[in-house]
Student: 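What follows is a single structure, and I will ask about it in a moment.
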Amino acid sequence: MKKFFVALSAMLLSLPMFAQYSSGGFDLDKENVYYGMRVGFTAASISGDSDANPTTSLDYGSSKSGMTLGAVIGLRVSSSTPVFLESGFYYTERGGKSDYYKCGINYFEIPLLIKYGFKASDDIALLPFFGPYFSYGIGGKIKATKDYSGTPGFSKGNNFNSFQSDHFKHSDMGFKLGCGAEYNRLYLEIGYQIGVKNISKNDNLDAHGRGFFANVGVNF
C-alpha cells in the first residue's frame with residue numbers, strides 16, 4: 001500500500017499542471033478525444049483447482065491487495081450519442097492468497113472498453129463501461145506464509161517464481177465491468193474484472209484471475 005500512496009500523492013501534486021487543459025467539466029456533447037492518468041488499487045484472487053499438496057495447488061481464493069498505475073485515451077465513436085471507446089496501458093498487481101501461500105503476479109495490461117456517458121447533474125457525468133482486457137505477466141513471486149510438514153524443506157518464507165513450470169502462464173485475458181464518474185476533469189471508477197483464459201500451466205488444473213478495482217485520476 002505504500003507504493004499506492006506514493007503514486008496517488010504524485011498524481012495529486014500534478015493536478016495544477018493539468019488544469020491548463022480545461023476550463024470546465026467533461027462535456028458529453030462536445031468531447032471527442034480525451035486523455036487520462038489513473039492510479040488505484042486491486043483486491044484480486046485466483047479461482048483455481050485445489051490439490052492435496054499446497055505446493056502445487058492453484059487455488060488462491062482469498063483476496064490480495066495491489067496497486068494500479070496507467071494512462072488512457074478515449075475516442076468518441078458516435079456523433080449522435082455519447083459512446084466512447086477507451087484503451088490505455090496499465091501496470092497492475094494481482095494474485096491471491098491461500099492457507100499456505102501469498103501469490104503475486106504483476107501485469108502489463110491493455111483494456112478495450114466501451115463507455116456510455118450520461119449526466120447525473122450539471123457538473124457530474126457517469127460513464128458505465130464494459131469490455132475485454134489483455135494482460136501479460138512481467139513478474140511475480142509465490143511466498144509461503146506458514147510451515148507445511150508434508151513437504152521436506154518447505155517452511156515459512158520460502159518463495160519461488162509465479163511462472164514456474166507447474167504454475168501460471170504469462171498471458172491472461174478477460175472482461176471488465178464497472179462505472180466511472182467525472183467531475184471537472186477529476187475521475188473515479190470502480191469495477192470488477194474476471195479472467196476467461198485458463199492461466200494454469202498444469203494440464204490437470206485450471207485457474208482464472210479475478211478481482212475488484214478502484215481507480216482515481218484526471219482526464220484532459
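Computed from a prediction, not measured in an experiment: that's the story for all the values here. Residue numbers start at 1 and run along the sequence shown.
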Student: To the nearest 0.5 Å, what is the distance between CZ on Phe220 and OH on Tyr187?
Tutor: 14.5 Å
Student: Indicate the atoms forming the closest heavy-atom contact of Ile142 with Cys103, along with that distance.
Tutor: CG1-SG, 3.8 Å
Student: Under a 4.5 Å side-chain heavy-atom rule over Ile, Leu, Val, Met, Phe, Trp and Tyr, are Phe129 and Ile190 clustered together?
Tutor: no
Student: Do Ile199 and Met173 belong to the same hydrophobic cluster, where Ile, Leu, Val, Met, Phe, Trp and Tyr are linked whenever their side-chain heavy atoms lie under 4.5 Å apart, directly or via other members?
Tutor: no
Student: Do Val196 and Leu205 share a hydrophobic cluster, counting only Ile, Leu, Val, Met, Phe, Trp and Tyr and linking them when any side-chain heavy atoms are less than 4.5 Å apart?
Tutor: no
Student: Can you tell me how far apart CZ (Phe84) and CG (Leu113) are? Round to the nearest 0.5 Å.
Tutor: 13.5 Å
Student: So, for His170 and Tyr107, is the gap between ring centers shorter than 6.0 Å?
Tutor: no
Student: Backbone N or O of Ser57 within a donor-acceptor pair of the Ser50 side chain at under 3.5 Å?
Tutor: no
Student: Kindly write out the residues that satisfy side chain to side chain contact (heavy atoms under 4.5 Å, CB included) with Leu112, not counting sequence neighbours, or none if the list is empty.
Tutor: Leu85, Ser87, Pro132
Student: For the residue pair Asn215 and Val39, establish whether any side-chain heavy-atom pair is separated by less than 4.5 Å.
Tutor: no
Student: Is Tyr136 reachable from Tyr133 through a run of hydrophobic residues whose side-chain heavy atoms are each under 4.5 Å from the next?
Tutor: no
Student: Provide the closest heavy-atom pair for Ser63 versus Ala43 in the form atom of the first, atom of the second, distance.
Tutor: CB-C, 4.2 Å
Student: Would you say that Asp59 contacts Asp49 through its side chain, given a criterion of any heavy-atom pair below 4.5 Å between the two side chains?
Tutor: no
Student: Just how far is it from atom CG of Leu186 to atom CD1 of Ile124, taken to the nearest 0.5 Å?
Tutor: 11.0 Å
Student: Quick one: closest heavy-atom pair of Asn204 and Asn202, and the distance?
Tutor: N-OD1, 2.9 Å
Student: For a quick test of reading the model, state the closest non-hydrogen atom pair linking Ala207 to Ser200 and the distance between them.
Tutor: N-CB, 4.0 Å
Student: Would you mind listing the cluster partners of Tyr90? Hydrophobic ones only (ILVMFWY), side-chain contacts under 4.5 Å, chaining allowed.
Tutor: Val72
Student: By side chain to side chain contact (heavy atoms under 4.5 Å, CB included), which residues pair with Ala71, not counting sequence neighbours?
Tutor: none
Student: Enumerate the salt bridge (charged side-chain N to carboxylate O under 4.0 Å, His left out) contacts for residues 96-109, please, sequence neighbours excluded, ordered by first and then second residue.
Tutor: Arg94-Glu109, Glu109-Lys176
Student: Could I get the full list of side chain to side chain contact (heavy atoms under 4.5 Å, CB included) partners for Lys201, not counting sequence neighbours?
Tutor: Phe163, Lys169
Student: Hey, is the main chain of Lys156 close enough, under 3.5 Å, to the side chain of Asp147 for a donor-acceptor pair?
Tutor: yes
Student: By side-chain hydrogen bond (donor to acceptor under 3.5 Å, both in side chains), which residues pair with Asn198, not counting sequence neighbours?
Tutor: Asp206
Student: Is any side-chain heavy atom of Phe168 closer than 4.5 Å to one of Ile46?
Tutor: yes
Student: Can you tell me how far NZ of Lys143 sits from CZ of Phe160, rounded to the nearest 0.5 angstrom?
Tutor: 13.0 Å
Student: Can you tell me how far the CG atom of Asn219 sits from the CG atom of Asn184, to the nearest 0.5 Å?
Tutor: 11.5 Å
Student: With sequence neighbours excluded, what pairs up with Phe130 under the ring-ring contact (aromatic ring centres under 6.0 Å, His included) test?
Tutor: Phe175
Student: Could you tell me whether the side chain of Tyr116 reaches within less than 4.5 Å of the side chain of Pro82, counting heavy atoms only?
Tutor: yes
Student: Could you give all pairs that pass the salt bridge (charged side-chain N to carboxylate O under 4.0 Å, His left out) test and reach residues 71-90, with sequence neighbours left out?
Tutor: Arg38-Glu86, Glu86-Lys115
Student: The test is side-chain contact (heavy atoms from CB on, under 4.5 Å); show your working for Thr92 and Asn106 and say whether it passes.
Tutor: CA-CA 6 Å; Thr92 181; Asn106 306 324; over 6 Å; no
Student: If you round to the nearest 0.5 Å, how far is CD of Glu93 from CG of Leu69?
Tutor: 10.0 Å
Student: Any sub-3.5 Å donor-acceptor pair from Ser162's side-chain atoms to Ile105's backbone N or O?
Tutor: no
Student: Could you report the tightest heavy-atom contact between Asp172 and Gly195, atom names first, then the distance?
Tutor: OD1-CA, 4.4 Å
Student: Measure across Ser62 and Ser45 and return the closest heavy-atom pair with its distance rounded to 0.1 Å.
Tutor: O-CB, 3.8 Å
Student: Can you list the residues that meet the side-chain hydrogen bond (donor to acceptor under 3.5 Å, both in side chains) rule with Ser171, with sequence neighbours excluded?
Tutor: Lys197
Student: In the single-linkage hydrophobic clustering (I, L, V, M, F, W, Y; side-chain heavy atoms under 4.5 Å), do Phe89 and Ile138 co-cluster?
Tutor: yes
Student: Can you list the other members of the hydrophobic cluster that holds Ile194, where links are side-chain heavy atoms under 4.5 angstrom apart?
Tutor: Tyr192, Phe212
Student: Who are the side chain to side chain contact (heavy atoms under 4.5 Å, CB included) partners of Ser80, not counting sequence neighbours?
Tutor: Ser78
Student: Under the 3.5 angstrom rule, does the side chain of Thr42 hit a backbone N or O of Ala44 as a donor-acceptor pair?
Tutor: no
Student: So, using side-chain hydrogen bond (donor to acceptor under 3.5 Å, both in side chains) as the criterion, who are the partners of Asp166 when residues are at least two apart?
Tutor: Gln164
